[in-house]
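Note sheet for the following structure.
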Amino acid sequence: SSATFEIDKQYPDVLSTAYFTIGHPLHTVYVPIPICVEKVHPAMSSTAWAAGTWKRFDKIGLQDIPADWVKFEKDFMAKYIAAKAEARKLLNSGKRAEAVKLINDTAETIWKDAVKLMDL
């Protein structure tokens, strides 16, 4: 597992994001977890996500990250960056609750798609 944290200078309490890989690095995708997260996918808050990656490792060993997983990460980042840009506009307009909802909804969709992709 690994993590990195991106701090937003203007709206650190909403737009800052941690990016995590959960489990074996070659058998998982990274996902965003916004600082304003209200709940996470059940597989992330239990051992299911990490256990699934190690199960995959035990089955197929060391391999390159699948191309469709790399594409997933690239595509979700584009969606997440766009959502953060829209949330920034909402925050600039004083619509904090709407911005938090947008960021949380976008992250939740990414997590659900990641679970499907990795067959957890």
Side-chain angles (χ1 to χ4, degrees):
S1 299
S2 63
T4 190
F5 195 66
E6 173 187 56
I7 300 172
D8 187 86
K9 291 180 183 180
Q10 187 178 12
Y11 298 106
D13 61 327
V14 177
L15 299 180
S16 295
T17 304
Y19 296 91
F20 286 89
T21 60
I22 303 168
H24 191 285
L26 291 176
H27 297 281
T28 190
V29 294
Y30 74 93
V31 291
I33 301 181
I35 194 75
C36 63
V37 67
E38 294 173 336
K39 64 180 179 174
V40 296
H41 191 283
M44 295 165 66
S45 60
S46 70
T47 60
W49 194 303
T53 68
W54 286 101
K55 181 179 176 183
R56 185 173 185 272
F57 172 79
D58 290 342
K59 183 177 180 181
I60 62 176
L62 295 175
Q63 291 188 11
D64 290 339
I65 298 170
D68 57 332
W69 289 22
V70 175
K71 182 181 181 325
F72 167 80
E73 290 175 341
K74 181 180 176 184
D75 292 349
F76 97 66
M77 276 304 295
K79 291 175 189 172
Y80 192 73
I81 289 168
K84 283 176 54 174
E86 183 61 31
R88 185 176 305 281
K89 290 177 188 175
L90 290 167
L91 290 163
N92 288 338
S93 299
K95 299 178 180 176
R96 185 181 190 286
E98 291 91 337
V100 168
K101 181 176 180 350
L102 174 62
I103 293 297
N104 273 277
D105 289 351
T106 302
E108 183 178 9
T109 297
I110 292 166
W111 303 334
K112 287 178 181 177
D113 291 346
V115 166
K116 288 180 197 171
L117 178 73
M118 295 188 305
D119 194 27
L120 299 176

Quick note, side-chain hydrogen bond (donor to acceptor under 3.5 Å, both in side chains) partners involving residues 67-77, not counting sequence neighbours, are K71-D75
Are W54 and L62 linked, directly or through intermediate hydrophobic residues, by side-chain heavy-atom contacts shorter than 4.5 Å (ILVMFWY only)? yes
Heavy atoms of other groups near D64 CG, more than 12 under 6.0 Å: no
Pairs where residues 90-113 contributes a residue and the test ring-ring contact (aromatic ring centres under 6.0 Å, His included) is met, not counting sequence neighbours: none
Sequence neighbours excluded - side-chain hydrogen bond (donor to acceptor under 3.5 Å, both in side chains) pairs with any residue from residues 87-100: D8-R88, Q10-R88, Q10-N92, Y11-N92, D13-R96
When rounded to the nearest 0.5 angstrom, what is the spacing between CG in L91 and CG in L102? 9.5 Å
Closest approach of P34 and A107, non-hydrogen atoms and distance? CD-CB, 3.8 Å
For the atom pair NZ (K84) and CG (L90), what is the distance rounded to the nearest 0.5 Å? 14.5 Å
May I have the list of side-chain donor-acceptor pairs in residues 40-47 shorter than 3.5 Å, sequence neighbours left out?
| from | atom 1 | to | atom 2 | distance (Å) |
| --- | --- | --- | --- | --- |
| H41 | ND1 | A43 | N | 3.0 |
| S45 | OG | P42 | O | 3.3 |
| S46 | OG | P42 | O | 3.2 |
| S46 | OG | A48 | N | 3.1 |

Check A99 against A87 and note the closest heavy-atom contact, atom names and distance. CB-O, 3.6 Å
To the nearest 0.5 angstrom, please state how far the CD1 atom of I103 sits from the CD atom of E86. 9.5 Å
Test T106 against F76 for side chain to side chain contact (heavy atoms under 4.5 Å, CB included), laying out the working first. CA-CA 9 Å; T106 302; F76 97 66; over 6 Å; no
Nearest heavy-atom contact between W49 and V115 is CZ3-CG2, 3.8 Å
Are M118 and V31 connected in the hydrophobic side-chain network, where two residues link if heavy atoms are under 4.5 Å apart? yes
Contact between F72 and K116 at the side-chain level, heavy atoms closer than 4.5 Å - yes or no? no
All side chain to side chain donor-acceptor pair (under 3.5 Å) counterparts of K55, not counting sequence neighbours: none
Can you name the nearest heavy-atom pair linking F5 to I35, along with the distance? CZ-CD1, 3.7 Å
Report, one line per pair, each donor and acceptor closer than 3.5 Å where one atom sits in a side chain of residues 17-27; sequence neighbours left out.
| from | atom 1 | to | atom 2 | distance (Å) |
| --- | --- | --- | --- | --- |
| T17 | OG1 | L15 | O | 3.3 |
| T17 | OG1 | Y80 | OH | 2.9 |
| Y19 | OH | E6 | OE1 | 3.2 |
| T21 | OG1 | S2 | N | 3.0 |
| T21 | OG1 | S2 | OG | 2.7 |
| H24 | ND1 | L26 | N | 3.1 |
| H27 | ND1 | R56 | NH1 | 2.4 |
| H27 | NE2 | G61 | O | 2.8 |

Calculate, to the nearest 0.5 Å, the distance between atoms CG and OG1 belonging to D58 and T53 respectively. 9.5 Å
